[in-house]
Amino acid sequence: MAKDLELWDIICDGPHVPMKKLGETGPMVLKDKKEYSDIDRKAVEKNYRTKKILVCGIGPDEYKRVSVCGSAKEIWEALQTAHEGTTQVKQSKIDMLTTEYELFRMKDDESIQDMHTRFTSIINKLHSLGDVIPRNKLVRKILSALPGSWESKVNAITVAKDLQTLTKDELIGNLKTYEMKKERQ
């Protein structure tokens, strides 16, 4: 676990660059590889190991994006930008997904499972961009997304359950059971 944390620190903070001071009051300059201490070598090796882990975990298209990167931090930042976009692009994605979330409704010909899959896709994308919606809001959103024909079930759930403690999975299970009973009738 400590090794993993050290590698993550290299991704976040950048690699260790062995430096030395020229003279007593001179500037700091890069050490020549022959001047590396054991500690310097181990620190530099950690950056190479971290780069290797990142590169081994990506496909050929991503590799083309990061093959010129000199450090694990640069690789990570290039991958983040490629997948999340810049801060402005990321915020635009969050805004679009938030609108999609707010306008979310169950379709007329849609099953609870299909609705749940579509809903989960939206909230997972928001979560991956750092916008986490509280559990009780998710439950309320699902209930409000149901069509009018589900009103009696929504009212029964709202009266019988404490929506603060009801999980999304419990709600979906409850709705699936109700849907199966409706289909049998």
Side-chain angles (χ1 to χ4, degrees), residues 1 4-5 7-13 50 53-66 69 72-185:
M1 182 70 166
D4 295 338
L5 186 57
L7 299 183
W8 183 246
D9 287 343
I10 290 169
I11 290 171
C12 294
D13 303 333
T50 306
I53 289 169
L54 289 173
V55 169
C56 286
I58 60 176
D61 291 337
E62 279 91 7
Y63 181 76
K64 290 175 189 172
R65 287 187 190 115
V66 301
C69 295
K73 179 179 177 128
E74 288 176 23
I75 291 172
W76 184 256
E77 289 170 351
L79 289 171
Q80 267 188 310
T81 301
H83 290 277
E84 292 181 358
T86 61
T87 304
Q88 183 180 6
V89 171
K90 184 177 174 181
Q91 188 57 53
S92 292
K93 286 179 181 178
I94 289 171
D95 292 344
M96 287 175 19
L97 287 164
T98 300
T99 300
E100 194 175 341
Y101 168 83
E102 289 168 354
L103 298 175
F104 185 83
R105 296 285 177 262
M106 183 176 179
K107 297 176 182 176
D108 291 336
D109 61 339
E110 194 171 39
S111 70
I112 291 294
Q113 182 60 49
D114 292 341
M115 179 202 66
H116 181 243
T117 300
R118 222 169 31 91
F119 186 74
T120 301
S121 175
I122 295 167
I123 59 171
N124 285 348
K125 288 175 188 174
L126 280 167
H127 186 84
S128 73
L129 294 169
D131 193 6
V132 180
I133 300 168
R135 180 179 69 187
N136 64 327
K137 283 190 175 188
L138 296 175
V139 167
R140 290 180 192 283
K141 182 61 186 172
I142 291 170
L143 290 171
S144 70
L146 295 169
S149 60
W150 287 74
E151 186 177 350
S152 63
K153 183 61 178 172
V154 170
N155 290 339
I157 290 171
T158 306
V159 169
K161 301 282 184 180
D162 177 9
L163 296 184
Q164 296 295 329
T165 60
L166 182 64
T167 68
K168 181 174 68 84
D169 292 335
E170 289 171 337
L171 174 62
I172 294 300
N174 193 319
L175 294 174
K176 282 182 183 179
T177 302
Y178 179 72
E179 182 179 56
M180 288 187 309
K181 287 177 184 175
K182 274 179 62 172
E183 287 173 0
R184 271 191 277 157
Q185 294 173 349

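Owing to the predicted nature of the structure, the values given are computational and were not obtained by experimental measurement.
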Visitor: So, Thr98 side chain and Ile94 main chain: donor-acceptor pair closer than 3.5 Å or not?
Guide: yes
Visitor: Let me confirm one number: the CZ-CD1 distance from Arg65 to Ile75, rounded to the nearest 0.5 Å.
Guide: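 Between atom CZ of Arg65 and atom CD1 of Ile75 there are 13.5 Å.
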Visitor: According to salt bridge (Lys or Arg N to Asp or Glu O under 4.0 Å), who are the partners of Arg105, at least two apart in sequence or on a separate chain?
Guide: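 Arg105: no salt bridge (Lys or Arg N to Asp or Glu O under 4.0 Å) contacts found.
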Visitor: Lys182 vs Glu179, test: side chain to side chain contact (heavy atoms under 4.5 Å, CB included). Steps then yes/no.
Guide: CA-CA 5 Å; Lys182 274 179 62 172; Glu179 182 179 56; 5.6 Å; no
Visitor: How far does CG of Leu5 sit from CD1 of Ile10, to the nearest 0.5 angstrom?
Guide: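 The CG atom of Leu5 sits 10.5 Å away from the CD1 atom of Ile10.
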Visitor: Of all heavy-atom pairs between Leu54 and Ala72, which one has the smallest distance, and what is that distance?
Guide: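 Scanning both residues completely, I find the closest heavy atoms to be CD1-O, 3.6 Å.
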Visitor: Nearest 0.5 angstrom please: Trp8 CH2 to Asp13 CG, how far?
Guide: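 The distance works out to 10.5 Å.
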Visitor: Roughly how far, to the nearest 0.5 Å, is NZ of Lys176 from NE2 of His116?
Guide: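 Spacing of NE2 (His116) from NZ (Lys176) equals 7.0 Å.
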Visitor: Spell out, as yes or no, whether a donor-acceptor pair under 3.5 Å connects the side chain of Lys73 to the backbone of Cys12.
Guide: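 Here the side-chain-to-backbone pair exists.
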Visitor: In this structure, which one of Thr167, Leu171, Leu166 forms a side-chain contact (heavy atoms from CB on, under 4.5 Å) with Asp169?
Guide: Thr167
Visitor: Mind checking what makes salt bridge (Lys or Arg N to Asp or Glu O under 4.0 Å) contact with Glu170, not counting sequence neighbours?
Guide: none
Visitor: Would you sort out whether Glu100 and Lys125 count as a side chain to side chain contact (heavy atoms under 4.5 Å, CB included), showing the intermediate values?
Guide: CA-CA 11 Å; Glu100 194 175 341; Lys125 288 175 188 174; 5.9 Å; no
Visitor: Do any side-chain atoms of residues 139-147 form donor-acceptor pairs under 3.5 angstrom with protein atoms, and if so which ones, sequence neighbours left out?
Guide:
residue	atom	partner	partner atom	Å
Lys141	NZ	Tyr101	O	3.4
Lys141	NZ	Glu102	O	2.8
Ser144	OG	Arg140	O	3.4
Ser144	OG	Lys141	O	2.9

Visitor: Nearest 0.5 Å, what's the OG-CG distance between Ser128 and Leu97?
Guide: 8.0 Å
Visitor: Which of these passes side-chain contact (heavy atoms from CB on, under 4.5 Å) with Leu175: Met106, Lys153, Gln113?
Guide: Lys153
Visitor: Looking only at heavy atoms, which two atoms of Val132 and His127 are closest? And how far apart?
Guide: CG2-ND1, 3.1 Å
Visitor: Can you tell me if Gln88 has over 12 outside heavy atoms packed within less than 6.0 Å of its CD?
Guide: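 No, because the 6.0 Å sphere around CD of Gln88 holds 12 heavy atoms or fewer from other groups.
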Visitor: Can you name the residues that form a ring pair (Phe, Tyr, Trp, His ring centres under 6.0 Å) with Phe104, not counting sequence neighbours?
Guide: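 Result, ring pair (Phe, Tyr, Trp, His ring centres under 6.0 Å) vs Phe104: Phe119.
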Visitor: Do any pairs count as a ring-ring contact (aromatic ring centres under 6.0 Å, His included) and have a residue in residues 144-163, sequence neighbours left out, and if so which ones?
Guide: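 Qualifying pairs, neighbours excluded: Trp150-Tyr178.
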Visitor: Can you confirm whether more than 12 heavy atoms, excluding those of Asp108, are under 6.0 Å from its CG atom?
Guide: no
Visitor: Could you tell me the separation between the CG atom of Leu79 and the CD1 atom of Ile11, rounded to the nearest 0.5 Å?
Guide: 9.5 Å
Visitor: If the condition is side chain to side chain contact (heavy atoms under 4.5 Å, CB included), which residues does Pro60 pass it with, not counting sequence neighbours?
Guide: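 Side chain to side chain contact (heavy atoms under 4.5 Å, CB included) list for Pro60, sorted by chain: empty.
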